[in-house]
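Read the structure below first, then the notes.
These figures come from a predicted structure and were not determined experimentally.
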Amino acid sequence: MSVCCCSSGPTGSHVKVESVATDAAREEAAREAKREMVVTFEDREGVEDEKLPGAKIDLAFKQRPVGFKFRLRTPMSVLSVAPGSHAEELGVKQGMILVAVNGERVDAMSPRQAYWLLQVGSEKLEPRPAEGKETAVAVTTSDELHTSAPGEPNT
């Protein structure tokens with residue numbers, strides 16, 4: 001976004017053009033510099049009335065793989081969290097609902113678009129130091145889980 005300022009004086013006209021970043025652009029630049037992906041979850045634990053919202057929680061992922069599995073249908077809820085994973089360290093729990101990735105709400109997009117957003121966001125994260133077998137984000141399109149280990153083809 002640019003701002004233009006004009007003035008006229010004894011020495012003639014003067015035009016000053018400044019580039020001003022929007023808040024969203026500044027936040028994205030800061031995330032790029034930090035190499036993190038902020039995922040917003042809704043935690044419904046303890047909420048008995050289905051009409052009431054759960055607590056919104058922003059978690060900043062800094063390493064990949066992130067280490068949770070979710071269904072590729074709406075609402076996108078966490079099926080499981082890999083033991084010892086970055087997701088477990090950050091407090092992701094089974095049943096949490098995915099709300100946003102880097103500030104972009106996923107409830108208004110298809111589950112495949114949300115998955116793509118997670119993939120793009122996680123690609124810029126630092127690889128987690130190898131401690132045995134890696135875990136990956138897995139997605140389901142039906143009741144059967146489809147997962148693969150790093151370096152293996154998807155099944």
Side-chain angles (χ1 to χ4, degrees), residues 1-2 18-155:
M1 177 173 142
S2 296
E18 285 182 31
S19 179
V20 179
T22 64
D23 288 342
R26 274 191 228 117
E27 288 174 15
E28 182 60 28
R31 262 194 297 282
E32 283 294 325
K34 291 181 186 176
R35 299 185 62 85
E36 68 180 26
M37 174 178 66
V38 178
V39 180
T40 304
F41 292 94
E42 179 180 350
D43 187 357
R44 299 208 36 87
E45 187 175 326
V47 178
E48 294 178 19
D49 187 344
E50 299 243 349
K51 296 177 184 175
L52 294 176
K56 298 285 191 299
I57 301 167
D58 290 332
L59 299 176
F61 287 86
K62 297 179 181 183
Q63 298 176 332
R64 63 177 155 80
V66 294
F68 64 88
K69 296 178 184 178
F70 58 94
R71 286 198 192 280
L72 192 56
R73 62 173 85 145
T74 309
M76 295 177 64
S77 60
V78 175
L79 292 173
S80 64
V81 178
S85 68
H86 192 37
E88 183 182 57
E89 290 172 354
L90 294 174
V92 177
K93 296 178 275 190
Q94 182 178 0
M96 291 175 106
I97 298 169
L98 183 68
V99 175
V101 177
N102 288 333
E104 290 191 53
R105 294 196 54 93
V106 299
D107 54 359
M109 59 179 69
S110 77
R112 290 199 184 276
Q113 289 171 314
Y115 175 71
W116 178 82
L117 203 57
L118 278 168
Q119 287 292 347
V120 169
S122 66
E123 286 173 1
K124 68 182 175 186
L125 303 178
E126 292 294 324
R128 188 170 174 90
E131 293 177 13
K133 186 177 178 182
E134 289 186 19
T135 57
V137 172
V139 179
T140 63
T141 55
S142 66
D143 289 335
E144 184 179 330
L145 282 176
H146 300 279
T147 61
S148 64
E152 295 178 3
N154 287 330
T155 57

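Under 4.0 Å is where a charged nitrogen must lie from a carboxylate oxygen, and between Glu123 and Arg35 no such pair does. We find that Arg64 and Glu126 are not joined by a salt bridge, their nearest charged nitrogen and carboxylate oxygen being 4.0 Å or further apart.
Note that CZ of Phe61 and CG of Leu125 are 9.0 Å apart. Values are rounded to the nearest 0.5 Å. Rounding to the nearest 0.5 Å places OG1 of Thr40 at 10.5 Å from CE of Met96. Within the model, atoms CG of Leu59 and CG of Leu90 stand 5.5 Å from one another, a figure rounded to the nearest 0.5 Å.
Among residues two or more places apart in sequence or in another chain, the salt bridge (Lys or Arg N to Asp or Glu O under 4.0 Å) test is passed with Asp107 by Arg105.
Between Leu117 and Met109 the shortest side-chain heavy-atom distance falls below 4.5 Å. A 4.5 Å side-chain heavy-atom check between Gln63 and Glu36 finds every atom pair outside the cut-off. For the pair Val92 and Phe70, the minimum side-chain heavy-atom distance is 4.5 Å or more. Here the side chains of Arg112 and Leu72 are in contact, with some heavy-atom distance below 4.5 Å.
In this structure a side-chain-to-backbone donor-acceptor pair under 3.5 Å is missing from Glu104 to Val101. A distance-only check finds a donor-acceptor pair linking the side chain of His86 to the backbone of Lys62 [under 3.5 Å]. Although no hydrogens or angles enter the test, the distance criterion places no donor-acceptor pair under 3.5 Å between the side chain of Asp43 and the main chain of Ala55. Without hydrogens or angle criteria, Gln94 side chain to Ser80 main chain gives no donor-acceptor distance under 3.5 Å.
Residues Gly54 and Val47 approach most closely at CA-CG2, 4.0 Å, considering heavy atoms. Residues Tyr115 and Met76 approach most closely at N-CE, 4.5 Å, considering heavy atoms. Of all heavy-atom pairs between Arg73 and Pro111, the closest is CA-CG, 3.7 Å. The two residues Pro75 and Ile97 come nearest to each other via the heavy atoms CB-CG2, 4.0 Å. Residues Glu88 and Val81 come closest through the heavy atom pair N-CG1, 3.5 Å. Between Gly67 and Ala87 the shortest heavy-atom distance is O-CB, 3.7 Å.
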* Take Val78 and Lys93 through the side chain to side chain contact (heavy atoms under 4.5 Å, CB included) test and state the conclusion after the steps. => CA-CA 7 Å; Val78 175; Lys93 296 178 275 190; over 6 Å; no
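Ring geometry, Phe68 versus Phe41: the interplanar angle exceeds 60°, so the pair is classed perpendicular (tilted spans 30 to 60°).
None of Val106, Leu98, Val66 except one satisfies the side-chain contact (heavy atoms from CB on, under 4.5 Å) rule with Leu118; the exception is Leu98.
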